J.: 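Structure provided below as structure tokens; questions to follow.
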Amino acid sequence: MDHKQWREFEEKCIQERPPACVTACPVHVDARSFVAEMKNGRFNEAFDIFRKTVPFPGIIGRICDHPCQKACKRGEVGDPISIAGLEKACVQMNSARPAKITAPARKDKRVAVAGGGLSGLTAAFELAGKGYPVVVIEAADRLGGTLWEIPEEVLPRQVLTGEIAVLDALGVQTRFNTRVGREVSLQELCREFDAVYLGFGKNSRDIPGLEPDSRGRISINPVTFGTSLEGVFAGGGMVRETGYSPVGSLSDGRRAAISIDRYIQKVSLTAVRENEGPHQTRLFTSVKGVEPLPAILPEDPARGYTREEALLEAGRCLQCQCLECVKSCEFLAHYKGYPKKYARQINHNLKMIMGRHEANTLINSCSLCGLCQEVCPEDVNMGELCWQARVEMFKKGKMPPSAHDFPIREMVFSNESLCALTRHQPGHASSSHIFFPGCQLSASAPEQVRKVYSYLTERVDGGVGLMLRCCGAPAEWSGRTELFEAGLREITEQWREMGSPKMILACSTCYQMFKKHIPGIEIVSLWELYDQFGLPEGAPLRGTGPVAVQDACTTRNERQIHQSVRNILQKLGMDIEELPTSRETTECCGYGGLMLFANRELADDVIRRRAGESAADFVAYCAMCRDNFAARGKRTYHLLDLIYPGAGRPSPGQKGPGYSQRRENRVRLKNKMLKEVWGDTVTEQKKSFETIKVTIPAGVSDIMEERLILLEDIQKVIEYAERTGNKLLNRANGHVLACYRPVAVTYWVEYTALEDGFTIHNAYSHRMEVEGNSQ
Amino acid sequence: MAGKDTIANNTFECLKCGIPMEPGKVTVSYMGSSFPVDLLKCKKCGLVLITEDLALGKMLEVEKALEDK
Ligand code: SF4
Ligand code: SF4
Ligand code: SF4
Ligand SMILES: [Zn+2]
């Protein structure tokens with residue numbers, strides 16, 4: 001991905017966009033944080049947030065016309081948050097120290113502000129704060145304008161005068177009893193000052209020299225607040241179309257001040273001014289499942305909220321954010337961020353040359369399942385990003401070998417001649433179809449492959465060939481593009497040699513890989529065929545249940561497969577219980593994207609979470625889903641266990657075969673099919689290490705499974721040690737300890753020689769090469 | 001990754017050479033980095049003992065760190 005694509009990805013995730021209340025507020029008070037502080041009773045901190053964007057907080061806090069509340073999300077489930085009521089409570093009850101005002105260094109350009117109402121006061125405050133000498137020209141003999149019309153109970157006079165006094169501290173000067181157009185003309189002001197702001201409030205009149213609009217108001221540029229006269233800006237009630245809005249006047253004064261500053265500095269008045277005023281946010285916030293709550297009403301409306309009432313009202317705030325994907329995905333939740341943040345971390349990780357690549361595990365932990373995209377309002381697919389990152393890491397030689405080595409070796413093994421097979425149906429010189437069971441079903445339940453194959457050859461005309469091998473998904477998931485493509489080429493060649501038949505796929509991952517990467521091959525899911533042709537004779541009508549369907553994440557967008565699976569279950573007489581998320585929104589079993597190998601603890605959490613979603617037994621139609629859930633104690637059938645009860649696992653609680661057994665099953669399946677279906681004589685050639693007889697206690701084979709150590713690794717170590725004599729004796733217990741490095745891993749085995757074979761006490765491995773132990 | 005083995009020096013012997021393993025300098029390498037460590041080795045044939053604790057503890061830690069470098 002290039003820089004632009006990264007930016008686009010980051011931009012797409014809207015989690016960091018401000019909530020609706022903030023964008024609806026003309027000065028963008030951070031109402032979400034403000035309310036959060038109020039909820040916790042931290043009124044001083046809340047006040048700090050408020051006054052950060054509001055120049056006269058004591059005034060505005062008492063009289064704000066709160067356009068934010070109309071936009072508040074809470075309004076969709078109950079009443080909007082009474083943000084203005086909370087602000088009032090805050091300004092009344094906080095005990096924060098008054099803000100320290102220090103007049104900045106003086107600039108030499110001067111600004112006149114005509115009109116001492118809220119917009120003018122704000123413009124004066126902002127400009128003086130930037131160091132411009134400001135003179136406020138006021139028709140009356142005091143500042144404040146229409147603020148003085150507000151009843152004293154609402155806006156106490158000492159608050160009004162106290163807050164306006166801030167301008168004195170900033171060195172703002174005043175000329176009272178001076179009306180523009182009478183005592184002083186606009187032209188005179190323009191001559192005397194470098195820029196002029198006009199904020200006469202709602203009672204303004206024509207100003208000679210300025211163009212009015214069709215309704216007699218002064219016409220201004222809505223972005224810059226500039227009038228028809230250069231250097232003259234206007235805002236507040238005199239230009240407003242809707243009624244009196246104190247916070248609107250505040251916003252006008254501030255935005256005009258920004259223009260004046262830019263005008264004086266001779267920089268663009270219009271650049272980057274989007275979203276300055278009130279606007280709509282793109283933040284998505286779900287209110288699904290949120291209990292509707294009415295507003296807390298103050299017992300004494302004139303006084304407003306008590307402290308307790310304010311806390312309760314603030315407690316209703318949803319603290320709006322998106323996180324839709326994070327709520328659905330254990331992986332995204334685990335790293336405590338969200339895609340926008342992760343995209344930054346991943347980008348940084350890829351660009352970094354020296355230093356710790358902290359995001360490696362994050363990148364390799366995603367199951368690439370695509371659920372995030374399904375639930376994201378903006379269609380963000382974190383899996384795509386993680387996959388791209390893996391491709392780049394692998395290309396640069398930056399992929400940690402330990403992440404994917406093992407499953408890649410498994411894949412390579414499945415595609416060696418020991419396991420792989422491609423043949424026409426016996427008695428047929430051509431094939432209308434090829435059955436492709438996939439490496440995992442072959443490993444997990446080889447007997448079922450045999451059953452399915454006879455079913456298919458009985459029902460499908462024109463010959464059903466067989467292709468045993470892996471589709472290459474582990475290579476694709478681990479970012480090994482070339483290896484993956486080489487596998488695809490092999491498959492495609494063989495498929496052509498077989499006469500380009502339709503492929504019947506039992507595994508959802510194979511289905512996804514074929515569909516996405518070899519679109520030229522026509523495919524059909526095995527489950528669609530069972531649905532279409534009916535159950536084999538002798539399939540039991542079980543009528544037990546209910547069972548919950550675990551849709552494979554790689555079938556997310558394959559509705560016909562979801563439906564076929566349910567139809568089959570119905571024909572089997574099973575009661576189906578749908579999991580809270582299924583079909584398009586199904587969850588991965590922890591194997592997808594090789595999560596299980598890159599981050600086992602996380603995969604365990606993923607599996608546990610999913611298993612906990614229903615007390616019913618699961619039915620899976622992917623061999624990996626079936627074995628992963630069963631391995632963590634969740635009773636799970638494979639669909640074929642139900643169709644062929646005699647040919648699979650005796651019980652849904654039974655764990656799947658371990659890694660060594662899976663290898664053996666693949667080899668045996670090929671031989672068995674050759675013998676029993678094609679009538680070949682198969683001579684099994686044993687390599688010398690395979691003749692080593694070992695006894696492995698259950699505890700040790702669990703350890704081997706967890707440490708990804710195969711039986712053949714153990715055999716190779718012993719064969720080597722016994723042949724060369726390179727071994728150690730532990731005098732404390734009489735055990736022999738030896739090591740061997742058949743691949744990029746050194747395996748250590750602790751064993752005892754018996755008369756006929758060896759007992760294994762322990763096994764472990766490391767990847768580091770040790771001088772002296774390299775053979 | 002110092003070979004601070006809690007095992008008494010005399011616990012292990014090299015079966016090939018029939019002598020006890022002794023502490024000595026050994027070079028270990030991974031991901032293009034090499035460094036010397038003190039480990040128990042056979043002074044005669046050079047065979048080095050990597051205990052389970054070391055392989056799954058400190059050594060694994062160093063491997064991970066080098067992989068993420
Ligand atoms: S669903 Fe996730 S990725 Fe999509 S916008 Fe929300 S936080 Fe961002
Ligand atoms: S619920 Fe809270 S964060 Fe959301 S819009 Fe309303 S006040 Fe803002
Ligand atoms: S595991 Fe699935 S839902 Fe989670 S980020 Fe990866 S692709 Fe998205
Ligand atoms: Zn020796």
Side-chain angles (χ1 to χ4, degrees), chain A residues 349 352-364 393 397-405 598 703 706-707 721-722 724-739 741 744-750 753 761-775, chain B:
Chain A
N349 201 80
M352 183 172 39
I353 299 173
M354 300 290 283
R356 222 168 89 70
H357 290 71
E358 312 223 8
N360 280 355
T361 311
L362 176 127
I363 292 168
N364 287 328
M393 282 161 70
K398 288 282 187 185
M399 179 58 87
S402 65
H404 305 130
D405 257 15
I703 286 180
E706 196 197 305
R707 298 178 179 173
E722 295 300 314
T724 59
N726 290 344
K727 47 189 180 178
L728 307 174
L729 173 70
N730 184 339
R731 288 171 174 164
N733 57 16
H735 294 170
V736 172
L737 193 58
C739 71
R741 193 173 172 89
V745 179
T746 300
Y747 297 97
W748 284 86
V749 180
E750 188 182 335
H761 306 295
N762 194 10
Y764 53 92
S765 71
H766 57 79
R767 311 184 72 88
M768 204 165 255
E769 276 190 88
V770 178
E771 170 208 23
N773 289 356
S774 29
Q775 300 86 23
Chain B
M1 213 178 63
K4 251 204 253 120
D5 268 294
T6 44
I7 307 159
N9 285 357
N10 271 333
T11 310
F12 285 93
E13 80 172 51
C14 174
L15 275 173
K16 193 178 200 168
C17 310
I19 54 171
M21 303 290 277
E22 286 174 45
K25 276 263 180 292
V26 176
T27 304
V28 297
S29 47
Y30 190 53
M31 303 290 290
S33 301
S34 300
F35 37 90
V37 238
D38 284 321
L39 293 169
L40 286 181
K41 67 187 237 183
C42 172
K43 280 275 147 74
K44 200 163 160 212
C45 71
L47 194 61
V48 178
L49 169 67
I50 307 294
T51 61
E52 180 181 24
D53 279 355
L54 181 60
L56 306 184
K58 197 69 201 166
M59 199 175 223
L60 183 65
E61 232 174 74
V62 176
E63 285 172 5
K64 289 250 177 280
L66 290 172
E67 287 189 342
D68 287 345
K69 223 178 73 182

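Note that the coordinates shown come from a computational prediction; the quantities given were computed from them, not determined experimentally. Letters go in sequence order (proteins before strands), and every chain restarts at 1.
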J.: Charged N to carboxylate O below 4.0 Å: is that the case for Glu61(B) and Lys58(B)?
T.: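 Judged by the 4.0 Å cut-off on N to carboxylate O distance, Glu61(B) and Lys58(B) do form a salt bridge.
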J.: Could you state the interatomic distance from CG (Leu40(B)) to CZ (Phe12(B)), rounded to the nearest 0.5 Å?
T.: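 Answer rounded to 0.5 Å: 8.5 Å.
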J.: What part of Leu47(B) lies closer than 4.5 angstrom to a heavy atom of chain A: side chain, backbone, both or neither?
T.: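 Both backbone and side chain.
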J.: With sequence neighbours excluded, what pairs up with His761(A) under the ring pair (Phe, Tyr, Trp, His ring centres under 6.0 Å) test?
T.: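 Testing His761(A) for ring pair (Phe, Tyr, Trp, His ring centres under 6.0 Å), a comparison that skips the adjacent residues, returns His735(A).
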J.: List in chain and number order the residues that pass side-chain hydrogen bond (donor to acceptor under 3.5 Å, both in side chains) with Tyr30(B), two or more places apart in sequence or in another chain; answer none if no residue qualifies.
T.: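 By the side-chain hydrogen bond (donor to acceptor under 3.5 Å, both in side chains) rule, Tyr30(B) matches Arg767(A), Glu67(B).
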J.: Does any backbone or side-chain atom of Leu66(B) lie under 4.5 Å from a heavy atom of chain A? Answer side chain, backbone, both or neither.
T.: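 Interface part for Leu66(B): side chain.
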J.: Asn762(A) versus chain B, heavy atoms under 4.5 Å apart: side chain, backbone, both or neither?
T.: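 Only the side chain of Asn762(A) comes within 4.5 Å of chain B.
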J.: Measure Lys41(B) against the heavy atoms of chain A and call it side chain, backbone, both or neither at under 4.5 Å.
T.: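 No part of it gets close to chain A.
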J.: Does atom NZ of Lys43(B) have more than 12 heavy-atom neighbours, drawn from other residues, nucleotides or ligands, at distances under 6.0 Å?
T.: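 Enclosed.
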J.: What's the spacing between Asp68(B) CG and Met31(B) CE if we round to 0.5 Å?
T.: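 These two atoms lie 8.5 Å from each other.
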J.: For chain B, which candidate among Met399(A), Glu750(A), Glu771(A), Glu358(A) shows the most heavy-atom pairs at distances under 4.5 Å?
T.: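 Of the candidates given, the most pairs with chain B belong to Glu771(A).
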J.: Shorter than 4.5 Å, heavy atoms on both sides: which option in Met354(A), Arg707(A), Met352(A) has the most such pairs with chain B?
T.: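 Top option by heavy-atom pairs under 4.5 Å: Arg707(A).
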J.: Heavy-atom pairs under 4.5 Å with chain B: which of Gly397(A), Ser402(A), Gly355(A) has the most?
T.: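 Answer, by heavy-atom pair count under 4.5 Å with chain B: Ser402(A).
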